[in-house]
2 protein chains.
Amino acid sequence: MPKSYSCPVELTVDVVGGRWRTVLLAHLKEGVHRYGELRRLTPGISEKMLSQRLRELEADGLISRKDLGTVPPHVEYDLTDEGRSLTPVLQALYDWGVARAERTGVSIDVP
Amino acid sequence: MPKSYSCPVELTVDVVGGRWRTVLLAHLKEGVHRYGELRRLTPGISEKMLSQRLRELEADGLISRKDLGTVPPHVEYDLTDEGRSLTPVLQALYDWGVARAERTGVSIDVP
DNA sequence: CTGAATCCCAATCGATACTG
DNA sequence: CAGTATCGATTGGGATTCAG
């Protein structure tokens, strides 16, 4: 049965919600990244979660996966047009995070 | 030990992330609401989750809870100034949900 | 290097029943 | 009306191991 939503926000949360999806999208918003780069940019994520989330985002049409087929392996992830349509959302989340960090005195240590 | 973040988006997700928080904030963005109203506006949420999320949002300083102390009980929830600072985020999530629903043909049935 | 597969624990959640 | 209590089911997620 098809899922239905009672509010547009609910739909959005269903797509970009969860612990890691948004963070990964935010990193890809900065440009193409390899698997290992995303892992390094996202401390705390396990390889299992990284793989799972990337495949979900790919299935939802938000990111593209390009396997260069080389040895050693080289895989690049990028936002699709659909993913890029999230830019205002990602920017709003980013901006609020910065302001909230200042207000609450929390520090953000970029890798 | 204090939690640290590697990215502002991660902080934001930590505060407004999860299945229900954002939806509840989006409803309160429209104005003051009582417990029962929020329950009705949010089909699918259990009373347990509703209570829990409301208390978390209150603890995080995003919403206020006013108990009128009457019989029968009457409790009103509202955004605080801190909660209202999320308006751009909530609006971005809302707008993207509307557009995504159109693109994917998903319908949204407001209660 | 980029994953897939397995095991296992902890947190999360829904349903239901109950209270002031 | 506005919650709380409890229980059982489900899920998320980490650690580890292995493969191409």
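Quick note on labels: first sequence line is chain A, next is B, and so on, each numbered from 1.
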Nucleotide dG20(C), atom P - distance to OH of Y35(B) in whole Å: 17 Å

Residue pairs, two or more places apart or on separate chains, that pass side chain to side chain donor-acceptor pair (under 3.5 Å) and touch residues 38-47 of chain B: R39(B)-E47(B)

Flag, side chain of R21(A) to backbone of V15(A), donor-acceptor distance under 3.5 Å: yes

Main-chain N/O of T80(A) paired with S64(A) side-chain donor or acceptor, under 3.5 Å: no

Distance in Å, D67(A) CG paired with Y35(A) OH, rounded so as to fall on 0.5 Å steps: 13.0 Å

Main-chain N/O of W96(A) paired to T12(B) side chain as donor or acceptor, under 3.5 Å: no

Between P of dT2(C) and CD of E58(A), the distance in whole Å: 15 Å

Contact letters for nucleotides 14-20 of chain D, in which S counts primed atoms plus P, OP1 and OP2 and B counts the base, heavy atoms under 4.0 Å: BB----B

Under-4.0 Å side-chain N/O to phosphate OP1/OP2 contact, R55(B) with dT4(D): yes

Phosphate contact (dG3(C) OP1 or OP2) by R39(A) side-chain N/O below 4.0 Å: no

Nucleotide nearest R53(A) (side chain, heavy atoms from C-beta), chosen from dG13(D), dT2(C), dC13(C): dG13(D)

Short side-chain N/O contact to dC13(C) OP1/OP2 from R19(B), under 4.0 Å: no

Atom pair distance, as rounded to whole Å: CD in E56(A) and C1' in dG3(C): 16 Å

Nucleotide dA2(D), atom P - distance to CG of L50(B) in whole Å: 10 Å

Side-chain donor/acceptor of T87(B) to backbone N/O of R84(B), under 3.5 Å: yes

K66(B) NZ to dA2(D) C1', straight-line distance once rounded to whole Å: 17 Å

N/O (side chain, R65(B)) to phosphate O (OP1/OP2, dA2(D)) under 4.0 Å: no

Whole angstrom value for the distance that separates C1' of dC1(C) from CG of L54(A): 14 Å

Whole angstrom value for the distance that separates C1' of dG3(D) from CG of L68(B): 15 Å

Y94(B), OH atom: more than 12 neighbouring heavy atoms under 6.0 Å: no

Rounded distance in Å - CZ (R21(A)) to C1' (dG13(D)): 14 Å

Sugar-phosphate only, base, or nothing, as touched by S51(A) at under 4.0 Å among non-hydrogen atoms: sugar-phosphate

First of Q52(A) and G18(B) reached from the 5' end of DNA chain C, by closest nucleotide: Q52(A)

